[in-house]
2 protein chains.
Amino acid sequence: MLDTITLKSPSDAAVMLRPNGLSTAQMFATGCPHQPGLRKVAANETLWCEGEQREHIFIVRSGTVCFSRMLPDGRRIVLGFAYPGDIIGIGSDFHCCDAQTLQVTRLEAIPAAAFKRAVNDDPVLGKRAAAAVNQALDAAYHHVVVISKLSASERLASFLMGLSVRNEKHGLSPLSVLLPMRRIDIADYLGLTIETVSRTFTMFKNAGWIALDQANIVIFTDIQKLRALASGECEEAHRP
Amino acid sequence: MLDTITLKSPSDAAVMLRPNGLSTAQMFATGCPHQPGLRKVAANETLWCEGEQREHIFIVRSGTVCFSRMLPDGRRIVLGFAYPGDIIGIGSDFHCCDAQTLQVTRLEAIPAAAFKRAVNDDPVLGKRAAAAVNQALDAAYHHVVVISKLSASERLASFLMGLSVRNEKHGLSPLSVLLPMRRIDIADYLGLTIETVSRTFTMFKNAGWIALDQANIVIFTDIQKLRALASGECEEAHRP
DNA sequence: CGCCTTTTGTAACAACGTGCAACAACAGGG
DNA sequence: CCCTGTTGTTGCACGTTGTTACAAAAGGCG
């Protein structure tokens with residue numbers, strides 16, 4: 001008798017373990033035929049699992065996607081987030097992490113084979129794809145630095161300043177950010193517990209560096225201090 | 001008057017900060033003309049610095065290379081190591097980390113321009129280069145997992161098992177490894193202090209899981225236990 | 001060989017972050 | 001309306017790790 005314990009192939013196991021029980025192909029079998037490739041996905045849906053074969057490359061049009069890995073005992077590590085404008089799913093032929101939506105998310109899906117052909121035909125697109133992978137590698141190295149050497153407050157400041165910089169790049173104000181993810185996602189991203197994240201938010205608020213509106217909207221009231229914290233320049237910061 | 005403080009360009013700054021004061025071009029201006037590209041580099045030499053423009057792609061023939069980043073206050077983070085057979089220096093046009101030799105190291109240097117041309121001409125080589133970048137990304141994600149969720153003993157076990165697996169792949173015994181790096185490099189790689197690394201080595205030795213020969217040769221006397229620790233399967237492991 | 005420097009090992013103490021608990025705020029549904 | 005589940009916050013005790021200090025071992029060099 002077949003059960004999940006006996007499965008050996010990572011991609012089989014990944015499909016079996018999907019929270020919604022659907023493969024990517026099944027999930028995207030239905031959709032609006034007038035706008036081929038454009039899909040609307042509900043919140044908390046799994047786009048793909050670690051070990052699965054890549055079927056689509058996606059362009060995020062709205063919403064947020066969260067990339068994570070799981071340890072055998074269930075501990076979760078968030079590797080990053082994707083926001084509107086990001087191209088996600090490029091890289092090797094097999095996904096190296098899970099991907100889940102955090103909100104209702106609109107995605108433009110490009111079949112992997114079509115994307116591969118397009119890259120081969122168009123050297124400019126190829127360079128852009130390569131640049132995206134390099135950017136991901138750079139971000140991963142930055143992530144390692146943040147997690148291995150920064151204190152809890154430095155980590156949270158680094159995270160918030162990353163969102164601030166992103167806002168600025170997209171023509172929005174860098175002085176406030178909207179958090180589409182929950183505290184647990186931030187904690188798993190920064191290598192902390194949810195309690196520490198919550199406590200650090202409160203500390204920032206009490207110190208007068210941020211103001212919180214309904215826990216998901218952060219207004220920076222002393223962005224200089226936060227920037228200094230984020231880059232690890234503060235002498236008085238207590239590090240792990 | 002010009003001093004290092006006033007420098008703004010990252011690549012200029014990087015060159016100024018090189019320990020040996022030489023640029024990559026200068027370092028590789030001399031060499032054996034009979035074996036074009038093959039270079040012998042002393043231990044503790046800087047191959048390149050973060051932010052510098054890529055000038056060469058290297059193939060490691062012998063020795064060990066250490067990749068690291070520095071925080072403004074001098075804290076160092078080791079991002080990885082390269083061993084014989086590894087191709088290093090591929091990725092974007094600018095280096096995203098420092099690279100230093102840990103031992104006397106023989107390198108085959110391929111000028112970046114020549115490598116670029118070869119990649120454009122040969123799609124197979126292009127795929128191999130892309131695969132190498134993807135592999136680096138996968139390793140970086142694994143690194144994030146190790147650093148953010150594993151305890152000190154789990155991290156050290158993970159590091160040692162990584163070397164063991166590498167030995168096995170290269171036809172050597174997986175039951176012992178030689179550490180070409182110092183304790184401080186291991187500590188900076190695992191996000192720990194040198195004292196914790198030392199304590200954990202002693203703990204492994206007292207627990208009967210390893211035997212140490214002159215601090216640089218590790219013999220695994222209970223590799224099952226170490227493997228379980230490394231993958232984060234041990235219930236009794238106390239985590240950060 | 002002896003001296004020096006560098007690296008590594010060990011110990012005590014302090015501290016940051018965790019784990020567990022209770023509690024508050026909020027939304028959804030019957 | 002109350003009930004329920006989820007999420008976020010806070011208090012307190014504890015533990016792993018960092019810090020500091022010093023000793024021991026290894027390697028370089030005259």
Side-chain angles (χ1 to χ4, degrees), chain A residues 42-44 66 73-76 102-103 146-157 178-206 210-218 229 232 234-240, chain B residues 19 42-44 66 73-77 102-104 146-157 179-206 210-218 229 232 234-240:
Chain A
N44 303 312
C66 171
D73 63 356
R75 281 176 291 175
R76 188 180 75 137
L102 294 181
Q103 306 168 289
V146 167
I147 287 180
S148 68
K149 288 289 169 181
L150 300 192
S151 69
S153 45
E154 286 175 318
R155 293 185 206 189
L156 186 59
L178 200 144
L179 304 177
M181 67 291 289
R182 294 164 307 163
R183 293 287 187 271
I184 185 69
D185 299 316
I186 301 176
D188 285 346
Y189 178 67
L190 296 177
L192 301 167
T193 59
I194 183 172
E195 294 94 335
T196 302
V197 170
S198 184
R199 275 188 275 258
T200 309
F201 265 116
T202 306
M203 192 270 274
F204 282 7
K205 200 170 58 180
N206 292 341
I210 64 168
L212 280 175
D213 190 4
Q214 63 194 38
N216 275 333
I217 298 170
V218 186
L229 258 181
C234 287
E235 292 298 328
E236 67 267 31
H238 301 284
R239 277 120 192 179
Chain B
N44 303 310
C66 171
D73 63 355
R75 280 175 291 174
R76 188 180 76 138
I77 298 92
L102 295 180
Q103 306 168 289
V104 175
V146 166
I147 286 179
S148 67
K149 289 287 169 183
L150 301 191
S151 70
S153 45
E154 287 175 317
R155 294 185 206 190
L156 186 59
L179 304 177
M181 67 290 290
R182 294 163 308 162
R183 293 286 187 273
I184 186 69
D185 298 316
I186 300 176
D188 286 344
Y189 179 67
L190 297 176
L192 301 166
T193 59
I194 184 172
E195 292 90 344
T196 302
V197 170
S198 185
R199 272 193 289 245
T200 310
F201 265 116
T202 307
M203 191 268 275
F204 281 7
K205 201 170 59 181
N206 292 340
I210 64 168
L212 280 175
D213 190 4
Q214 62 194 39
N216 276 332
I217 298 170
V218 186
L229 258 181
C234 287
E235 292 298 328
E236 68 268 29
H238 300 284
R239 277 121 191 179

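In this text, all values refer to a predicted model and were calculated from it rather than measured experimentally. Lettering of chains follows the sequences in order, A, B, ..., and the numbering in each one begins at 1.
- Direction change of the helix axis from one end of the helix from C:dC1-D:dG30 to C:dG30-D:dC1 to the other is 30°, with five pairs defining each end axis (rounded to 10°).
- In terms of heavy atoms, B:Leu150 sits closest to A:Arg75 at CD2-NH2, 4.0 Å.
- Scored by the side-chain contact (heavy atoms from CB on, under 4.5 Å) test, A:Ala42 finds A:Glu45 as partners (sequence neighbours excluded).
- Taking atom CZ of residue A:Arg75 and atom C1' of nucleotide C:dT18, one finds them 13 Å apart after rounding to whole Å.
- In this entry the distance linking CG of B:Leu229 with P of D:dT16 reads 14 Å, nearest Å.
- Taking atom CG of B:Leu179 as the reference point, atom C1' of C:dT8 lies 13 Å away to the nearest angstrom.
- When all heavy atoms are compared, the tightest approach of A:Gln214 to A:Ile217 is NE2-CD1, 3.9 Å.
- For the OP1/OP2 pair of C:dT18 and a distance below 4.0 Å, the side-chain nitrogens and oxygens of A:Thr193 include at least one atom meeting the criterion.
- In this structure A:Thr200 satisfies the side-chain hydrogen bond (donor to acceptor under 3.5 Å, both in side chains) test with no other residue, sequence neighbours excluded.
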Step-by-step side-chain contact (heavy atoms from CB on, under 4.5 Å) determination, B:Val218 to B:Leu212: CA-CA 5 Å; B:Val218 186; B:Leu212 280 175; 3.8 Å; yes
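- Remark: P of D:dT6 and CG of A:Asp185 are 15 Å apart, rounded to the nearest angstrom.
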Nucleic acid footprint by protein, nucleotides 7-13 of chain D - heavy-atom cut-off 4.0 Å, B for base, S for sugar-phosphate alone: SSBBBB-
I'd like a list of close polar pairs between nucleotides 24-26 of chain D and the protein, N/O only, cut-off under 3.5 Å.
none

Could you pull out all donor-acceptor pairs under 3.5 Å where a side-chain atom in residues 181-192 of chain B meets a protein atom, sequence neighbours excluded?
from	atom 1	to	atom 2	distance (Å)
B:Arg183	NH1	B:Ala215	O	3.0
B:Arg183	NH2	B:Ala215	O	2.9
B:Asp185	OD1	B:Arg76	NH1	3.4
B:Asp185	OD1	B:Arg76	NH2	2.4
B:Asp185	OD2	B:Arg182	N	3.2
B:Asp188	OD1	A:Lys149	NZ	3.4
B:Asp188	OD2	B:Arg76	NE	3.0
B:Asp188	OD2	B:Arg76	NH2	3.3

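- Atom CG of B:Leu156 and atom CD1 of B:Ile210 lie 7.0 Å apart (nearest 0.5 Å).
- Rounding to whole angstrom units, CG of residue B:Leu150 and C1' of D:dT17 are separated by 15 Å.
- Here D:dG27 presents its P atom at 15 Å from CG of B:Asn44, a figure rounded to the nearest Å.
- Atom P of nucleotide C:dC26 and atom CG of A:Asp213 are separated by 11 Å, given to the nearest angstrom.
- Rounded to a whole Å, the CD1 atom of B:Ile147 is 14 Å from the P atom of D:dT17.
- For the side chain to side chain contact (heavy atoms under 4.5 Å, CB included) with A:Arg155, the lone residue among A:Thr196, A:Val197, A:Val146 that qualifies is A:Val146.
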